[in-house]
Amino acid sequence: MNLSAAAHHPGFLSPTGVEITFVLVGLATLGAAVITVTTRQLVHAALWLVVALGGLAVEYLLLTAEFIAWVQVLIYVGSVVVLLLFGLMLTKAPIGRSPDADSGNRWVALAVAVASAATLVWVVVDAFRSTWVELHGAAQGSSRATGESLFRHWVLPFEALSVLLLAALVGAIVLSRRDDTATPPATAATDTVSAADTVSTAVTEPAAASAGTDGKEK
Amino acid sequence: MHLAYPVVLAALLFSVGVYGVLARRNAILVLMSVELMLNAVNLNLVAFDVWLRDTLHAGQALTLFTITIAAAEIGLGLAIVLLVYRHRGSSDIDRLTALADPERPERPTQPGPAADDEKAEATA
């Protein structure tokens, strides 16, 4: 299949339109990722991560994996980045440049990253020198194909994944609960209300703080 | 499409994520870099699935599972970061050295009244 695909394609140096688009979007994704890990402004890092994840969704579309592209936008851009922004807000990340966003050993980190990049790129280019992907057949990643394979061959991992999500949800709620043992009953009631989830703690934190100070003043 | 394009992009994204994990000080920025690494792995899985035209669609199923596990992990990771921030006042991982070994080896302490109290507390 490799030889026939190689004979069919004009060669490595005359790319098709899909390859050109892939390279351009890949450059944008890589640039956004580099800015995410080097910028000193914490909120900007999260927003550049949105660009990188969106670029990857476009790459999935170019690889005919349309269901995964939509799931990527929904879950990664839609909830993971929102969670990261909430985390930045709740840990009072500074607006603007943060002086201690990079640790002292970032030159060693750069050396390690460059070495791993060189190793990985050399290995994969050497391994896949004459391998082409056939993108014009039946859609590999349509919703129908993905749904059929998920619910025929991957049912057990799918159900185990839902149990994992439940465990993660319960764990996050239990971890982020405030347990103030020395509060009067009024603030204890507001504290149990604020133990619903991490998002609501952000909203009720000022309310609980003011209720606590009112209790102490009395 | 030549297979080298997606796998080289995945390798470079992974290396950018490695730099982010090692070089960043804020714990949430480290979590962002871990997300970059997971996305690089997902791109690899999708590219190999489309290349091999797998009948089981193993690559795309595993990509969906990786996306879901990453979402669960970031929820829990942020809850842990919030706890650390509440108890220590900062989410800098350079300052979380409470479990590190001391620089000078400590001499074995003589059993004193403080140690007996700790032992009584531990057994109670």
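Lettering of chains follows the sequences in order, A, B, ..., and the numbering in each one begins at 1.
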**Request:** List the steps, then state whether side-chain contact (heavy atoms from CB on, under 4.5 Å) holds for A/Phe67 with B/Gln60.
**Result:** CA-CA 9 Å; A/Phe67 184 68; B/Gln60 303 205 13; 5.8 Å; no
**Prompt:** Relative to chain B, which segment of A/Leu110 carries a heavy atom at a distance below 4.5 Å: side chain, backbone, both, or neither?
**Reply:** both
**Request:** State the CZ-CG distance between B/Arg25 and A/Asn105, to the nearest 0.5 angstrom.
**Result:** 8.5 Å
**Item:** Main-chain N/O of A/Glu134 paired with B/Arg53 side-chain donor or acceptor, under 3.5 Å
**Value:** yes
**Request:** I would like to know whether A/Thr146 and B/His57 meet side-chain contact (heavy atoms from CB on, under 4.5 Å); could you show each step before the answer?
**Result:** CA-CA 7 Å; A/Thr146 310; B/His57 293 276; 5.7 Å; no
**Request:** Counting only heavy atoms closer than 4.5 Å, note whether A/Leu84 contacts chain B via side chain, backbone, both or neither.
**Result:** both
**Message:** If I measure from the heavy atoms of chain A, does B/Thr68 come under 4.5 Å with its side chain, its backbone, both, or neither?
**Reply:** both
**Asked** Does any non-hydrogen side-chain atom of B/Met1 lie less than 4.5 Å from one of A/Leu63?
**Response** yes
**Prompt:** What part of B/Asn26 is in contact with chain A, defined as an atom under 4.5 angstrom from a non-hydrogen atom: side chain, backbone, both or neither?
**Reply:** both
**Request:** Give, as side chain, backbone, both or neither, the part of B/Leu29 having an atom under 4.5 angstrom from any heavy atom of chain A.
**Result:** side chain
**Complete:** Whatever's closer than 4.5 Å to a heavy atom in chain A on B/Asn42 counts as both
**Request:** Return yes if some donor-acceptor pair links the side-chain N/O of A/Glu19 with the main-chain N/O of B/His2 below 3.5 Å, else return no.
**Result:** yes
**Message:** I'd like to know which of B/Ile69, B/Leu43, B/Leu36 tops the heavy-atom pair count under 4.5 Å against chain A.
**Reply:** B/Leu43
**Request:** Please look at A/Thr38 and chain B and tell me whether the side chain, the backbone, both or neither of the residue comes under 4.5 angstrom of a heavy atom of that chain.
**Result:** both
**Request:** Please look at A/Val18 and chain B and tell me whether the side chain, the backbone, both or neither of the residue comes under 4.5 angstrom of a heavy atom of that chain.
**Result:** both
**Message:** Rounded to the nearest 0.5 Å, what separates atom OG in B/Ser91 from atom CG in A/Leu90?
**Reply:** 11.0 Å
**Item:** A/Phe128 and B/Tyr5 aromatic centres sub-6.0 Å
**Value:** no
**Prompt:** Based on non-hydrogen pairs under 4.5 Å, which of B/Ala71, B/Ala47, B/Gly17, B/Ala58 is most in contact with chain A?
**Reply:** B/Ala58
**Message:** In terms of relative ring orientation, are B/Phe65 and A/Phe158 parallel, tilted or perpendicular, with 30° and 60° separating the classes?
**Reply:** tilted
**Item:** Side chain / backbone / both / neither for B/Leu78 at chain A, heavy atoms under 4.5 Å
**Value:** side chain
**Prompt:** Does B/Leu56 offer a backbone N or O that forms a donor-acceptor pair with the side chain of A/Trp154 under 3.5 Å?
**Reply:** yes
**Asked** For B/Tyr85, is it the side chain, the backbone, both, or neither that has a heavy atom closer than 4.5 Å to a heavy atom of chain A?
**Response** side chain
**Request:** Pick one of side chain, backbone, both or neither for B/Leu83, based on which atoms fall under 4.5 Å of a heavy atom in chain A.
**Result:** side chain
**Item:** Among the listed options B/Asp49, B/Asp92, B/Val46, the residue most often paired with chain A at heavy-atom distances under 4.5 Å
**Value:** B/Val46
**B/Arg24 CZ to A/Thr36 OG1 distance, which is reported to the nearest 0.5 Å** = 8.5 Å
**Prompt:** Among B/Ile93, B/Ile74, B/Val18, which has the most heavy-atom pairs under 4.5 Å with chain A?
**Reply:** B/Ile74
**Asked** Is it the backbone or the side chain of A/Ala111 that comes under 4.5 Å from a heavy atom of chain B, or both, or neither?
**Response** neither
**Asked** Looking at OG1 of A/Thr29 and CG of B/Leu13, how far apart are the two atoms once the value is rounded to the nearest 0.5 Å?
**Response** 7.0 Å
**Fill in**
The interface call for B/Asp94 against chain A, heavy-atom contacts under 4.5 Å, is side chain
**Prompt:** Is it the side chain or the backbone of A/Thr91 that comes within 4.5 Å of chain B heavy atoms, both, or neither?
**Reply:** both
**Item:** Straight-line distance of A/Leu135 CG to B/Trp51 CH2, nearest 0.5 Å
**Value:** 13.5 Å
**Prompt:** Atom NE2 in A/His153, atom CG in B/Asp54: separation rounded to 0.5 Å?
**Reply:** 9.0 Å
**Message:** Taking side chain as everything from C-beta outward and backbone as N, CA, C, O, which of these in A/Ala145 sits under 4.5 Å from a heavy atom of chain B? Side chain, backbone, both or neither.
**Reply:** both
